[in-house]
There are 2 protein chains.
Amino acid sequence: MGLDQFSEEHDEALHKMRKRVIETIGRNMDLYGISQSTGHLYGMLFFADQPMTLDQMGSEMKMSKTSMSTGIRTLLDLKMVNKVWEKGSRKDLYEVEYDWYQTFTDFFDVKWRKSVEANIMILRKSIDEMDRMLEEYAGNPELFAALQKDKMKLHEAVSYYQWLDRLIDTFESGEIFKLVPKEPPM
Amino acid sequence: MGLDQFSEEHDEALHKMRKRVIETIGRNMDLYGISQSTGHLYGMLFFADQPMTLDQMGSEMKMSKTSMSTGIRTLLDLKMVNKVWEKGSRKDLYEVEYDWYQTFTDFFDVKWRKSVEANIMILRKSIDEMDRMLEEYAGNPELFAALQKDKMKLHEAVSYYQWLDRLIDTFESGEIFKLVPKEPPM
DNA sequence: AAGAACGTACAGATAAAACTGTACAAAGCA
DNA sequence: TGCTTTGTACAGTTTTATCTGTACGTTCTT
């Protein structure tokens with residue numbers, strides 16, 4: 001629906017401005033691993049005056065309902081949009097999370113955290129395996145040296161991921177805003 | 001070039017371990033907006049004992065030289081690998097940046113910073129335009145209200161991006177390591 | 001200066017993703 | 001309970017990204 005409530009010629013300028021901002025938001029959304037069209041969907045919702053249904057989005061974006069469904073699901077998973085219930089309607093309504101600081105921290109909590117944990121797990125497993133191999137091939141100097149070199153690399157990788165894990169903790173706890181306040185120090 | 005120096009049966013286990021870690025690294029590399037195969041290339045380089053040439057990578061990865069070239073260029077742009085000069089060889093040699101903390105901050109400096117700056121510029125431009133429209137359509141209450149609402153949203157977006165800009169500053173300056181030390185506090 | 005080796009641009013082929021329409025399950029309404 | 005509406009699964013199509021081979025410019029060697 002968007003601007004339907006002001007169907008006059010002035011709206012053209014507002015529409016154009018919104019479109020430009022939406023384009024920009026959508027283009028830079030690949031940082032979050034989101035496709036451009038889902039980024040557009042997000043941008044459109046950003047300017048929406050009230051929560052929207054899938055059908056409304058579909059007609060606004062001129063896209064199929066299925067695409068809207070999958071796009072919204074992606075945005076929901078990243079907590080970039082929220083589901084809103086409105087009594088009397090059995091349609092699902094969605095609106096963007098307007099607190100972008102929250103969106104930022106949620107993004108890292110959802111996407112990066114998962115990756116960090118998976119990596120640490122695999123690395124630990126590999127280090128254990130490596131310890132066994134180090135014992136087994138203690139008599140083969142060359143192989144032993146190669147194993148130790150790899151093991152050191154894996155240990156350093158684990159340290160890094162643990163740091164990343166703690167960094168994400170500070171995002172999630174809001175501690176990061178002590179170091180970098182939302183309001184710039186004048 | 002990998003394990004060729006130990007062509008015995010024990011190497012199987014080491015190879016397998018490396019492969020698993022490489023797979024994991026490659027899979028989670030999409031956080032950096034990098035394709036899976038470029039992620040594999042990175043993982044392979046991670047375990048390489050010395051800097052490698054494009055041809056060596058090509059034979060190790062069983063991929064075309066062109067793909068190696070474009071993959072390496074991507075990794076170079078993100079400063080995930082470095083070009084190494086070796087006197088006497090006119091081939092380009094590459095090795096991964098083993099300081100992953102550096103890689104992390106470089107990533108934000110390269111990718112996010114660009115995005116942040118582009119967004120702020122577009123938003124400022126739109127806010128200016130909006131001020132003109134607010135004057136022009138002061139007589140149209142509904143449109144005026146809509147404009148003000150949008151303008152507020154844009155202002156909040158600018159604030160957020162400025163915060164992000166300052167956050168990336170703390171990454172780049174290393175100040176972030178004061179809040180989140182590399183060595184975990186025991 | 002001529003030749004050889006190296007890296008990349010380009011165009012075509014292959015693989016992956018995004019999108020659509022239909023069909024169907026779930027949930028509210030009569 | 002039957003009827004309608006809403007959201008999603010699935011298969012097929014379209015679009016986009018990735019990969020390959022050839023051709024060519026550049027640089028180093030002789």
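Convention: sequence-line order gives letters A, B, ...; per-chain numbering from 1. For clarity, every value in this text was computed on a predicted model and none was experimentally measured. Reckoned from all heavy atoms, side chains included, excluding hydrogens, waters and symmetry mates.
The separation between A/Met68 atom CE and D/dT6 atom P is 17 Å, rounded to whole Å. The interatomic distance linking B/His40 (NE2) with C/dA15 (C1') rounds to 16 Å, in whole Å. Counting to the nearest Å, the C1' atom of C/dC19 and the CE atom of A/Met61 are 12 Å from each other. Nucleotide C/dA18 holds its C1' atom 12 Å from the CD atom of A/Gln36, rounded to whole Å. Spacing between atom NZ of A/Lys62 and atom P of C/dC19 amounts to 16 Å, rounded to whole angstrom units. The CD1 atom of A/Ile72 sits 13 Å away from the P atom of C/dC19 (whole-angstrom rounding). To the nearest angstrom, P of D/dT18 lies 11 Å from CD1 of B/Ile34. Taking atom CE on A/Met52 and atom C1' on D/dT6, their separation rounds to 16 Å, with Å as the unit.
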Give me, pair by pair, the N or O atoms of the protein and of nucleotides 4-8 of chain C that are less than 3.5 Å apart, along with how far apart they are.
from	atom 1	to	atom 2	distance (Å)
C/dA5	O4'	B/Arg90	NH2	2.8
C/dC6	OP1	B/Lys91	NZ	3.2
C/dG7	OP1	B/Asp92	N	2.7
C/dT8	OP2	B/Ser69	OG	2.5

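Note: A/Trp112 and A/Tyr32 fail the aromatic proximity criterion, with ring centroids not under 6.0 Å apart.
Contact of the B/Asp150 side chain with the A/Phe47 side chain is registered, since non-hydrogen atoms from C-beta on lie closer than 4.5 Å.
Between B/Arg113 and B/Asp106 there is no salt bridge, since no side-chain N of the basic residue sits under 4.0 Å from a carboxylate O of the acidic one.
No option in B/Lys16, B/Arg20, B/Arg18 other than B/Arg20 meets the side chain to side chain donor-acceptor pair (under 3.5 Å) test with A/Ser126. If you run ring-ring contact (aromatic ring centres under 6.0 Å, His included) between B/Phe104 and each of B/Phe108, B/Tyr101, B/Trp100, only B/Phe108 comes through.
Using modelled atom types, one side-chain atom of B/Lys153 and one backbone atom of A/Phe46 make a donor-acceptor pair closer than 3.5 Å.
Taking only side-chain nitrogens and oxygens, B/Ser64 never comes nearer than 4.0 Å to OP1 or OP2 of D/dC19.
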